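Read through the structure below, which is laid out as structure tokens, and then see the notes.
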Amino acid sequence: MTFASIEYIIFLPVVFILYWIICSRNKTLQNGLIVLASLFFYGFWDWRFLGLLLVTAFSTFFAGLWMNTQQDDKKRWWISFGTILLNLGILFGFKYYNFFVQAFVDSYSLFGKELSVSTLKIILPVGISFYTFTALSYSIDVYQRKIEATKDVLAYLAYVTFFPSILSGPISRATKQLPQYFKKREFSYDMAVSACKSILFGGVLKLCLADRLGIYVDTVYGNIANHNGTTLLLTSILYTIQIYADFAGYSLMAIGSGKLLGIELPENFVRPYFAKTVTEFWRRWHISLTTWFRDYIYFPLGGNRVKRSRWMLNTMIVFTVSGL
């Protein structure tokens, strides 16, 4: 199920009605409905991967509780490290194993050697990067003592599995999004209107612009030899518009869907193509992802508060991880 599907057009109003009419009495009912709706939404694609989602959610939840009982920073570090290793191991196994194996085989063939290494028939779980980063932000923040570990498992599951953002972001951050699930949400007419506008505008960007441009772009790129330089240049320009409209449109639909349930998701795109510098561009493009890399990889490596060679290495590491 995606935001652009007929199933979602039916699913969202049903959840909205149940949420504000039946479950509006307290946060437990609201969070419970969010969890059930999110698991249904994610399992609609392939129910088998619900296990991976729940492993990530419960491993980070219990790691937070465990760290909360420890005063020894070394023990807290090992708990945090183990949680990160487990979840990144799952992410690597499902998303990158075949990629790296095939890349190694192809690289070896450049030297005239042939390797017989088998890849695995692995189906990529949709949204695995987004919910993994969402969950890890919580466990890392608990380790760094930025937040207290929560004992409200229902609120935490609602935070990690929240269906509007689980497939393509924006990536939620525990310090900002998690507290919203600790209190009952009140219906706001103005917020609902704003939500509908976001969903509508996002849908126009995604369906009317990105998907239509995609037809032309795919046709040209699929047969480059038969097109001249002018056509290829125009296609490349249109492609930059397509990928922005695709990402930004989907993010707006996610933000709007969250607002309908009283949950504020972070802004993800702020007119990036109007940026005046490369630095400003990355501050406006897929903001929830780039700030995640900044806070959890770039800053811990030392950021730019180190000698120039180390700063360049830190930047290269972040861009390499971002590229992957």
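Note that the structure is predicted; figures quoted are calculated from it, not measured.
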With sequence neighbours left out, which residue pairs that include part of [range] fulfil the salt bridge (Lys or Arg N to Asp or Glu O under 4.0 Å) condition?
range: residues 53-80; answer: Asp73-Arg145
range: residues 131-142; answer: none
range: residues 299-324; answer: none
range: residues 252-278; answer: none

Taking every non-hydrogen atom, the tightest pair across [X] and [Y]:
X: Thr83; Y: Ala63; result: OG1-CB, 3.1 Å
X: Ile243; Y: Tyr273; result: CG1-OH, 4.0 Å
X: Ala174; Y: Pro179; result: O-CD, 3.3 Å
X: Gly169; Y: Ala254; result: O-CB, 3.5 Å
X: Leu12; Y: Ser257; result: CD2-OG, 3.8 Å
X: Val160; Y: Ala57; result: CG1-CB, 4.1 Å

Applying side-chain hydrogen bond (donor to acceptor under 3.5 Å, both in side chains), name anything that partners [X], two or more places apart in sequence or on another chain.
X: Glu280; value: Arg284
X: Asn31; value: Arg185
X: Thr2; value: none

Contact between [X] and [Y] at the side-chain level, heavy atoms closer than 4.5 Å - yes or no?
X: Thr60; Y: Val142; value: no
X: Leu213; Y: Tyr239; value: no
X: Leu260; Y: Val15; value: no
X: Asp152; Y: Tyr181; value: no
X: Phe130; Y: Leu289; value: no
X: Thr150; Y: Phe61; value: yes
X: Trp47; Y: Tyr42; value: no
X: His286; Y: Pro272; value: no

Using a cut-off of 6.0 Å, state whether more than 12 heavy atoms not belonging to [X] lie near its atom [atom1].
X: Trp66; atom1: CH2; value: no
X: Trp311; atom1: CH2; value: no
X: Trp77; atom1: CH2; value: yes
X: Lys146; atom1: NZ; value: yes

Going only through I, L, V, M, F, W and Y residues with side-chain contacts under 4.5 Å, is there a path from [X] to [Y]?
X: Tyr298; Y: Phe281; result: no
X: Trp45; Y: Val14; result: yes
X: Leu261; Y: Met191; result: no
X: Val321; Y: Leu85; result: yes
X: Tyr8; Y: Phe16; result: yes

Once the angle between the rings of Tyr244 and Trp285 is folded into 0 to 90°, is it parallel (under 30°), tilted (30 to 60°) or perpendicular (over 60°)? tilted
Please lay out, stage by stage, how Phe269 and Ser251 fare under the test side-chain contact (heavy atoms from CB on, under 4.5 Å). CA-CA 8 Å; Phe269 291 85; Ser251 290; 3.6 Å; yes
What is the distance from atom [atom1] of [X] to atom [atom2] of [Y], rounded to the nearest 0.5 Å?
X: Asn68; Y: Ile79; atom1: CG; atom2: CD1; value: 10.0 Å
X: Ser59; Y: Ile90; atom1: OG; atom2: CD1; value: 6.5 Å
X: Phe133; Y: Thr56; atom1: CZ; atom2: OG1; value: 11.5 Å
X: Tyr296; Y: Ile140; atom1: OH; atom2: CD1; value: 6.0 Å
X: Tyr189; Y: Ser194; atom1: OH; atom2: OG; value: 12.0 Å
X: Leu65; Y: Thr69; atom1: CG; atom2: OG1; value: 8.5 Å

Donor-acceptor contact below 3.5 Å, side chain Asn268 vs main chain Ser288: yes
If we ignore hydrogens and angles and just use 3.5 Å, is the side chain of Thr291 paired with the main-chain N or O of Ile287 as donor and acceptor? yes
All salt bridge (charged side-chain N to carboxylate O under 4.0 Å, His left out) counterparts of [X], not counting sequence neighbours:
X: Lys206; result: Asp211, Asp246
X: Lys184; result: Glu186
X: Arg173; result: Asp295

Applying ring pair (Phe, Tyr, Trp, His ring centres under 6.0 Å) between Phe163 and each of Phe40, Phe3, Tyr19, Phe41, report the one that passes. Phe41
Side-chain donor-acceptor contacts of residues 231-238 below 3.5 Å, not counting sequence neighbours, with atom names and distances?
{"unit_1": "Thr231", "atom_1": "OG1", "unit_2": "Asn228", "atom_2": "OD1", "d": "2.9"}
{"unit_1": "Thr235", "atom_1": "OG1", "unit_2": "Thr231", "atom_2": "O", "d": "2.7"}
{"unit_1": "Ser236", "atom_1": "OG", "unit_2": "Tyr221", "atom_2": "OH", "d": "3.0"}
{"unit_1": "Ser236", "atom_1": "OG", "unit_2": "Leu232", "atom_2": "O", "d": "3.0"}

After noting the C-alpha distance and the side-chain angles of Glu7 and Phe11, does the key distance pass the side-chain contact (heavy atoms from CB on, under 4.5 Å) rule? CA-CA 6 Å; Glu7 292 86 359; Phe11 170 79; 5.8 Å; no
Enumerate the side-chain hydrogen bond (donor to acceptor under 3.5 Å, both in side chains) contacts for residues 127-140, please, sequence neighbours excluded, ordered by first and then second residue. Lys95-Ser129, Ser137-Tyr159
Would Ser165 and Ile171 count as a side-chain contact (heavy atoms from CB on, under 4.5 Å) if you check the C-alpha gap in whole Å, the side-chain angles of each, and the deciding distance to 0.1 Å? CA-CA 7 Å; Ser165 59; Ile171 299 170; over 6 Å; no
